[in-house]
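Read the structure below first, then the notes.
In what follows, chains carry the letters A, B, and so on, assigned in the order in which the sequence lines appear, proteins first and then strands, with residues in each chain numbered from 1. Quick caveat, the model's predicted, so the values are computed rather than measured. These numbers come from the heavy atoms of this one structure, side chains and all, not from hydrogens, waters or symmetry mates.
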Amino acid sequence: MERLTESQQTAVEHQFGPLLVLAGPGSGKTRVITHRIARLVDRGVDPRRILAITFTNKAAREMSDRVRRLVPGRQMWISTFHKFCAYLLRRNARMIGLKSNFTIFSTSDQKSVLKQVLNDLDIDPVHYPPGNILNQISKAKNDLVSANQFARNFNESTGDHYQAVVARAFPEYQKLLLRSNAVDFDDLLMHVVQLLAENNELRAQIDEHYQYTLVDEYQDTNLAQYQLIRMLSHDQQNICATGDPDQSIYGWRGARIDNILRFERDYPESQLVRLQDNFRSTKSILKAADELIAHNVQRKPKELFTNNDVGKPVELHTYTDGREEADMVAASIKQLAESEGVNWSDVAIFYRVNALSRELELALTRWQIPYQVAAGVAFYERAEIKDMLSYLRLICNPDDYAAFARIVNRPTRGIGKQTQNKLRRWAAQNRWTMTEAIHHVEEHPTLNKRAKFALKKFGELMDHFSLADSGSMEQLLRSVIDRIGYLKGMKFTEADYEQTSNIEELLTVARQYDKENPDDPTLEGFLESTSLASDLDAIDSEAGQVTLMTMHAAKGLEFPHVFIIGVEQNLIPHERALKTNDASEYEEERRLLFVGITRAERGLVLTQTRQRAFRGKTLHTIPSDFVREMSLEQLNMASGFGTSTSSQYDRDWSRPKEPAHDWNELSQEITVDNLHLLGDKLDALKANQPSDLNSSSAEEPPLDPGSFHFDVGMQVRHPRYGRGKIVHVSGPTSKATVTVDFVSGEVGKTFRADRCPLQPIGMR
DNA sequence: TCTTCATCGCTTTTT
DNA sequence: GCGATGAAGA
């Protein structure tokens with residue numbers, strides 16, 4: 001094992017009192033934490049009295065593994081904030097009106113519950129999108145503002161109608177959660193903080209129990225997490241916080257960078273250790289990172305240092321569009337593998353928004369490069385998985401309204417909307433949960449016989465399962481699937497095949513759980529593990545695959561070769577950060593890119609494009625402000641691409657731009673109306689497309705569908721209605737509509753010009 | 001009641 | 001480009 005550096009040693013050897021470890025990227029922070037834990041155990045500290053908290057399951061698992069290697073066979077709490085809070089909350093659920101088998105609601109459960117609330121309050125969900133309202137609620141909870149406080153605060157302030165809606169919906173939402181015996185993610189933290197604040201005896205007892213507390217990524221704590229840590233290291237201040245203010249990237253989630261900056265004020269006795277030696281990256285990479293982050297004004301200057309080689313320069317590549325960018329990245333990776341023997345798993349591709357992964361996935365497939373993505377439709381968000389889990393949830397917690405609503409008529413069993421509404425109103429009147437209401441269904445005054453029968457059958461079904469709730473999760477899940485005949489209607493279509501294999505996968509997850517918890521497999525434990533799981537967990541660093549993820553997800557990881565795509569204005573920095581005109585948000589974007597860059601060990605390539613397809617439209621791009629802040633080797637693609645495009649483009653591109661913050665001013669939208677202006681340029685671009693790199697682009701339509709210019713009299717074809725003639729074009733340019741008379745007899749059909757599948761006939 | 005289809009609107013990052 | 005939504009048909 002490598003020796004620890006002097007400062008690493010200091011942090012490891014420190015035992016009593018508060019300790020703050022400010023650790024730059026790649027400075028061996030995880031190493032320090034794991035060695036510190038091992039050292040404590042070495043000194044005779046009971047491992048059960050050590051509490052190590054991280055933000056992600058992945059970080060917790062990695063830390064666990066590494067500690068286990070240092071001190072085999074000892075049990076201790078290494079977990080995420082949310083998991084730890086769930087544990088505390090289950091043991092003390094009664095104290096805040098929950099039962100210990102409470103459900104943890106996912107984002108989609110939250111949405112469905114809030115929709116119900118809005119419906120009951122007669123609030124129009126189109127005008128007040130549930131997602132936005134939930135964001136506000138989440139924000140409030142992160143800041144430890146309860147529903148009632150929120151409502152009260154609102155009354156005192158001057159009214160904003162949007163806030164007014166939140167103020168009305170929040171308390172109702174909270175009530176419905178409570179009645180469902182459920183919590184959302186934020187509640188896990190907030191309830192625990194509230195619990196400890198109101199019960200000093202309990203707080204003191206837990207504080208005493210966990211003699212040593214370690215918190216990773218302290219710069220990302222929000223107020224709730226901060227309070228929690230403070231309350232658990234009040235009497236015994238053996239707290240070790242590690243973090244790096246330059247890597248604070250969760251401000252949007254309520255994280256407060258202040259928390260780490262004020263650590264020394266909060267804990268006056270604290271000792272400070274700085275880890276500045278970078279063992280990860282080449283000098284070139286570190287230099288770029290350093291230059292970039294130095295532009296942040298709200299920051300304590302900090303030197304980054306490495307003894308590693310200079311290495312290859314950091315490259316910036318410019319491509320014509322996202323397709324070429326993706327293809328060339330894939331080509332570069334292939335090249336790395338073939339000429340330098342780089343393993344697939346040594347390569348990662350990062351981006352600012354998940355939407356950018358699509359093009360990459362296609363390209364990697366074309367180039368036959370194996371990859372894994374940390375995103376997309378998360379496994380637990382898939383409809384069939386949510387269905388299955390909802391059954392389990394309702395078995396575990398019959399009060400769970402979201403689960404009930406989801407599956408009461410799935411598969412269809414004749415319990416339609418009307419019936420559900422009647423039942424729901426009746427339940428509310430009698431202060432019953434839905435399950436209780438079903439048990440009383442015979443007494444319902446207006447429901448017809450058939451509906452009553454269907455509901456009763458459903459009730460019996462669930463009762464049957466409840467009795468079966470014991471032992472193996474896999475068996476329970478199997479019996480549910482069999483009994484409801486979920487797989488029965490499945491045919492050998494692609495969609496059905498996918499659903500079936502997802503359910504297989506879920507059974508595997510259940511089997512896994514059974515295996516890992518041989519002594520105490522509980523339904524609530526299984527469900528908790530699924531609720532707190534994230535798609536990031538599935539990433540396997542040794543799977544022999546290229547890894548695709550957002551820069552947020554990349555924090556804490558490292559790869560020999562890193563590509564960061566879409567380094568463009570409005571992506572990094574993100575449009576939203578630019579819009580608010582808030583310097584701190586802008587600087588957070590810079591930190592995010594800093595995080596991305598500092599993941600790279602030996603090779604780093606940034607890419608940008610000249611135009612990018614976005615939300616189904618193609619927009620011209622502006623180079624990111626940030627690329628000018630670093631010394632990069634600017635390269636214009638390998639062979640031919642773009643070099644021969646119209647000089648107009650090149651001139652536009654190379655002209656130095658004053659810092660531009662208005663997307664609309666500088667980017668030109670390509671629409672049906674100005675397409676003809678761009679036609680020539682587009683043709684030039686198309687001519688330079690990679691020549692069928694792998695034959696799979698054969699189905700590419702001759703022109704972008706949805707971007708035709710339509711005129712009255714033009715002959716068109718519709719996939720459904722066949723041939724027709726345009727009889728009318730109208731509306732504002734961006735929302736033009738065309739009216740078509742079809743040969744088939746369908747006359748006067750109207751379509752949105754930029755959306756419909758209409759194709760002109762006779763012009764190519 | 002269920003299914004199909006067109007239309008509409010949104011889309012940062014995550015436990 | 002996608003899913004959610006609502007209208008219309010089966």
Self-check item: Partner residues of A:Ala533 under the side chain to side chain contact (heavy atoms under 4.5 Å, CB included) criterion, sequence neighbours left out
Solution: A:Tyr380, A:Asp537
With 3.5 Å as the limit, what N/O pairs link the protein to nucleotides 13-15 of chain B?
| residue | atom | partner | partner atom | Å |
| --- | --- | --- | --- | --- |
| B:dT13 | OP1 | A:Asn354 | N | 3.0 |
| B:dT13 | OP1 | A:Asn354 | ND2 | 2.8 |
| B:dT13 | O2 | A:Trp252 | NE1 | 3.1 |
| B:dT13 | O2 | A:Arg352 | NH2 | 2.8 |
| B:dT13 | O2 | A:His552 | NE2 | 3.2 |
| B:dT14 | OP1 | A:Thr550 | OG1 | 3.1 |
| B:dT14 | O4' | A:Arg253 | NH1 | 3.2 |
| B:dT14 | O2 | A:Arg253 | NH1 | 3.4 |
| B:dT15 | OP2 | A:Ser534 | OG | 3.1 |
| B:dT15 | O3' | A:His82 | ND1 | 3.4 |
| B:dT15 | O2 | A:His82 | NE2 | 3.1 |

Self-check item: Euclidean distance, atom CG of residue A:Leu118 to atom C1' of C:dT5 [Å, nearest integer]
Solution: 16 Å
Practice problem: Would you mind telling me which of B:dC2, B:dT11, C:dT5 lies closest to the side-chain atoms of A:Asn132? | Solution: B:dT11
Quiz prompt | For atom CD of A:Glu359 and atom P of B:dT11, their distance in whole Å | solution = 22 Å
Quiz item: Should A:Asp387 and A:Arg406 count as an ion pair when the cut-off is N to O under 4.0 Å?
Solution: yes
Quiz prompt | Lys/Arg N to Asp/Glu carboxylate O, A:Arg424 vs A:Asp120, below 4.0 Å | solution = yes
Practice problem: Could you state the atom-to-atom distance from CD of A:Glu381 to C1' of C:dC2 in whole Å? | Solution: 15 Å
What pairs of donor and acceptor atoms, side-chain ones from residues 129-140 of chain A against any protein atom, are under 3.5 angstrom apart with sequence neighbours left out?
| residue | atom | partner | partner atom | Å |
| --- | --- | --- | --- | --- |
| A:Gln136 | OE1 | A:Gln163 | NE2 | 3.0 |
| A:Ser138 | OG | A:Asp186 | OD2 | 2.9 |

Quiz item: Does A:Thr419 or A:Glu585 map to a spot on DNA chain B nearer the 5' end, using the closest nucleotide for each?
Solution: A:Thr419
Quiz item: Heavy atoms under 4.0 Å, any strand shown: does A:Lys115 hit a base, just sugar-phosphate, or nothing?
Solution: sugar-phosphate
Exercise. Identify, with sequence neighbours excluded, every residue that meets side-chain hydrogen bond (donor to acceptor under 3.5 Å, both in side chains) alongside A:Asp143.
Key: A:Arg256
Self-check item: Any donor-acceptor N or O pair under 3.5 Å, side chains A:Thr54, A:Asp216
Solution: no
Quiz prompt | Carboxylate-amine/guanidinium contact A:Glu528 A:Lys83, below 4.0 Å | solution = no
Quiz item: Can you tell me how far P of C:dG1 sits from CG of A:Leu356, to the nearest Å?
Solution: 14 Å
Quiz item: Looking at residues at least two apart in the chain, or sitting in another chain, which of them share a side-chain hydrogen bond (donor to acceptor under 3.5 Å, both in side chains) with A:Ser108?
Solution: A:Ser106, A:Lys386
Quiz item: When we call it a touch if two heavy atoms are under 4.0 Å apart, what does A:Asn409 touch: a base, just sugar-phosphate, or nothing?
Solution: sugar-phosphate
Self-check item: Rounded interatomic separation in angstrom, taking CD from A:Glu575 and P from B:dT11
Solution: 11 Å
Quiz item: Rounded to the nearest Å, what distance is computed from the CD1 atom of residue A:Ile415 to the C1' atom of nucleotide B:dC2?
Solution: 15 Å
Exercise. Answer yes or no: is there an ion pair linking A:Arg393 with A:Asp109, defined by an N-O contact shorter than 4.0 Å?
Key: yes
Between the protein and nucleotides 8-10 of chain C, which nitrogen or oxygen pairs are less than 3.5 angstrom apart?
none

